[in-house]
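In what follows, chains are A, B, ... by sequence order, proteins preceding strands, each numbered from 1.
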Amino acid sequence: MARYNPSEIEPRWQSYWEQHRTFATDDLTTSDLKNGAQKSYILDMFPYPSGDGLHVGHPEGYTATDIVARYRRACGIKVLHPMGFDAFGLPAEEHAIKTGVHPRIKTEQNIAEFVRQLKMLGFSYDWDRVVSTTDEDYFRWTQWIFLVLYDTWFDAEQNKGRPIDELSIPASIAAKGDDAVEQYRDSKRLAFEAHALVNWCPGLGTVLANEEVQNGVSERDGHPVKRLPLRQWMLRITAYGDRLLEGLDDLDWPTGIKKLQQDWIGRSTGAEVDFYVGDEANYADWKAVRAKAGFPETEMDADGSAVSDQQSLRVYTTRPDTLFGATYMVVSPEHPLVDVLTTAAQSEQVNQYRETASFKSDRDRTDGGKVKTGVFTGSHAINPVTGKPIPVWVADYVLAGYGTGAIMAVPAHDERDFEFAKQFDLDVIPVVDPPADHEDRDAILDGQVCFVAQGLAINSGQFDGKTTDEVKEAVTLWLDKDGIGKSAVNFKLRDWLFSRQRFWGEPFPILHEVDADGKLTGRKRAVPLEQLPVTLPDLEDFKPHGRPEPPLAKADDDWLYVQLDGKRYIRETNTMPQWAGSCWYFLRYIDPKNDQHLVDPEKEKAWMPVDLYVGGAEHAVLHLLYSRFWHKVLYDRGHVSTPEPFGRLVNQGMILGAPQYHLSPAAFSGAKASLAAMGYAGVPVGEDEKASVILVHAKDNSDLRDDQIEKRKGKSFVAGTDIEVLAKADKMSKSRGNVVNPDDIVREYGADSLRLYEMFMGPLEATKPWAMEGVGGVRNFLDRVWRLVVDHRSDEGALSSALTDDDCDEEQNRVLHQTIKKVTEDTEGMSFNTAIARMMEFTNHFSKSEKRPRSAIKNFLILLSPYAPHIAEELWRKLGETDTIAHAPWPKFDEAALVQSSIEVPVQINGKIKAKINVSPEISKDELAAVALGDDRVKQLIDGKTIVKQIVVPGRLVNLVVK
RNA sequence: GCCGAAGUGGCGGAAUUGGCAGACGCGCUGGAUUCAAAAUCCAGUUCCCGCAAGGGAGUGAGGGUUCGAGUCCCUCCUUCGGUACCA
């Protein structure tokens, strides 16, 4: 058979690469780099090995990186291009609960399937470096890094993490004894324990991840989810807020992703202000004390909430300039001072309100109807600048976890406060005068409309007439001097809740001391490093035990209890979240088998940072932020050499299903009968406003074809009817029936076609719909490439008789070198779609040639090889080469071959193209103008008119402006 | 609501960044080859008027800058993605 047959050649080359270890990573040391070697670490976001196998979205990014990796190798650059699996996670555990099969078994099966599919696509990974986050050899080091976090405190002065034993202990604490010292240390560690709310689902008897809770009910069975406080491990990512923000500046990342991270970190500047809430009679005394002693530091409790002096209520505001307009205050329902503030008369109402709020999830509180609720505490605070008493309310529009959990409300200049004030009829005092031309100025000054922008101060005593910025500064200074306020910085970023009450995750390497009666003493210690990893216990079954403790608590005492240095300990039973393993996997690829270090420092220095990181935008914030955080801690502690892990980041766009014909549910029910008569049925998808019905053939649920739709006046209708439909491409999903399986594509068209098609669809970053005809299109191209070399009519696979050892003619040479140039530039710029288009043009040109010089074809095959490696290898071999094409050096283009003896230049008259002239490419400006004016058609058109202006751009165009 | 990305033929998309709009592919039309088909090859294919030569319009809408705008500026519309009271 002489036909192009990918199902025969692809597996053959895949096993060739595997046997010859063609893509084993080159050795690389820092001295190689000093001697001029170039390196490139090309990384894919590793997949979660789901039971569904690979979908077509995976190969998109993987093909892109594979092309770059193969291209750079061909350019002589040392390449590290690994793959692995992010294999901890819920689905395997759910599967285990259902079937009793250990998650490890299911996970290994899934990984094996992923590996099969990845190999089937011919990616040039170094398979010797595969890691899985679930391997004990791997998570040993995840636990090790956790212990680094546990052993680190953040020195705000040096702005870096330091070993905990370098933390100086205040004398007052040292005086209280060892336990106090240890508690003090614990309160500063980057990994610390605190009480936080978990989603407990009594119906399922299990704790749920946030993703599993929707609208306050369990996503799986619809049971309501309760929020329970549980002891949790937290990571102090907030300490690195500034560093994470500043680090973004030097990264070659999409600006959109940087912005998302900036917004997520959410740094704001403003002031903290204390409002006196004590007995009015003592206000003067309090002020006097403050003026003398100054503004006390905000002290944090072990769980991160602010400690108060009980006499004052501390707020955070970004608009200290509006302090004169603060007409009431609000504290969050969880605020520690609520009980103190609530008067006896109000206590029933307040308690009830807090109770209701405690059942609401964060989502419930913030989602849905924006109607604000709240209760008056009965107390008043004193506005420090006006000296007037203002009421203090409890309301859940103030979040406990941000700022101080309390606000001064300035309804005239804050939308939320304004809304609340209108609802509860509270005072609105404008203190910022909008610009005179503001359309609502009168209403704003009358307190009828809220104004949040900047202006000039009014109703603000000595500050009247100053600008917002001036007042901000002046008020903050004034408060500072009186010891009742201070400038402050806040982050939206919260500390990272790091523990999960699940089985299938990394166990924490932490031991809690127990006394002789088995009671916790409150003391804990790290598992000694040489005892890592802490492996998961063998459990009989994985069913939830009905209590909100982690499943590991069900383990045998053998696992659970540890004797160490004469003391008895119980193991930590929480497990780490799925993010943990993915925070550092790129380091392990560099040295995957090292059992002494997480990564050999010399190798780490040679390969880091990652030069190209490709993955979906869904990880824009969390994964990338968490990774950067861990990396900075490892950097501070000297374990890695770069402050940032990922130099360049590219987000691949989503691949949508093929367009389908939709109509609204109402339209569908109206037309149901007539559609059924035509053999059509509807598949309802989406919910609420997004609900719609997809039209399909009733007999096999297949989508309608284009010829079953007709277009009239720009609208689409079911052919022969007035039933209007809308063509729309959606995310692939089982319910829509638009999922494309890579196995099917490889079987029908071949892996090279799949790779090529996904790259040809459009720009890598764009969202684009799948079209099966497009796969046929690139397959056509590969067939043509095949016939460039092989005589497809011969049974023995003889080479095409057009092949010759002659040199290229001038035009062939130009086409070849233009192709080399364009493919090189586009591959470097990751514009794969246009590189492929250029290769198609090459193929079209040489297909037509009677004579096809072998040298040109070979050069072309090298250009093609990163894109369609199997066919390139096969034809390379057929042309007599004996080594793999992967070892062929990337061709260079010859600038001289690109120039044409004559080029066509358009001549415009008043901006419209009227003629074209053929000139030499080197023609000067004046000559070009002369040729243009000498052209017959141009002469004719400007005859009798005056040339007002002539624009001559050599090599591009001539434009004559005539009157 | 806010933030981000994007709107170009029947479809996916090109366009050296202000210089020939529609590269390349799909689809479609016609032709060659064939007993016939598949496959292949050749030609055509933005729309409108015209037999043609040619003319006119045209990159979501409207305005502007410019000799010249898909590209820059202003206003608006639509779609997709993200986000959700962060004081």
Integer-rounded Å distance: B:A84 C1' and A:D396 CG: 14 Å
Between P of B:A14 and CD of A:Q818, the distance in whole Å: 20 Å
Any pair counted as salt bridge (charged side-chain N to carboxylate O under 4.0 Å, His left out), so long as it reaches residues 761-771 of chain A, sequence neighbours left out: A:E60-A:K768
Establish, with yes or no, whether the OP1 or OP2 oxygen of B:A39 is under 4.0 angstrom from a side-chain nitrogen or oxygen of A:R787. no
Specify the separation, in whole Å, of atom CZ of A:F781 and atom P of B:C41. 13 Å
According to the interplanar angle, ranging from 0 to 90°, do the rings of A:F842 and A:F860 count as parallel (below 30°), tilted (30 to 60°) or perpendicular (above 60°)? parallel
Contact under 4.0 Å: A:N833 side-chain N or O vs B:A14 OP1/OP2: yes
With heavy atoms under 4.0 Å as the rule, sort A:I913 into base, sugar-phosphate or nothing. sugar-phosphate
Taking CG from A:L782 and P from B:U40, how many angstroms apart are they, rounded to a whole number? 13 Å
Please determine if a side-chain N or O atom of A:Y397 lies less than 4.0 Å away from the OP1 or OP2 oxygen of B:A87. no
Is the phosphate of B:A87 approached by A:S268 (side-chain N or O, under 4.0 Å from OP1 or OP2)? yes
Rounded distance in Å - CH2 (A:W264) to P (B:U83): 7 Å
Hey, is NZ on A:K851 packed in by over 12 heavy atoms from elsewhere, all under 6.0 Å? no
Starting at atom CG of A:L656, determine the distance to atom P of B:U79, rounded to an integer number of angstrom. 16 Å
For A:R784, report the nucleic acid contact type (base, sugar-phosphate, nothing); a contact means any heavy atom under 4.0 Å. sugar-phosphate
Annotated protein contacts, base or backbone, on nucleotides 52-58 of chain B with a non-hydrogen cut-off under 4.0 Å, one of B, S, - each: ---SSS-
B:U17, syn or anti by chi within 90 degrees of zero: syn
From the candidates B:A87, B:G68, B:A15, the one with an atom nearest any side-chain atom of A:T834 is B:A15
Can you tell me if the side-chain N/O atoms of A:K259 get under 4.0 Å from OP1 or OP2 in B:C3? no
Is there a side-chain contact between A:N651 and the phosphate of B:A5, meaning an N or O under 4.0 Å from OP1 or OP2? no
Please state how far atom CZ in A:R319 lies from atom P in B:A87, giving the value in whole angstrom units. 12 Å
Does the ring of A:F420 carry A:K372 above it, NZ/CZ under 6.0 angstrom from centre and within 45° of its axis? no
A:E758 CD - B:G13 P separation (whole Å): 14 Å
Can you check whether A:N780 has a side-chain N or O nearer than 4.0 Å to OP1 or OP2 of B:C26? yes
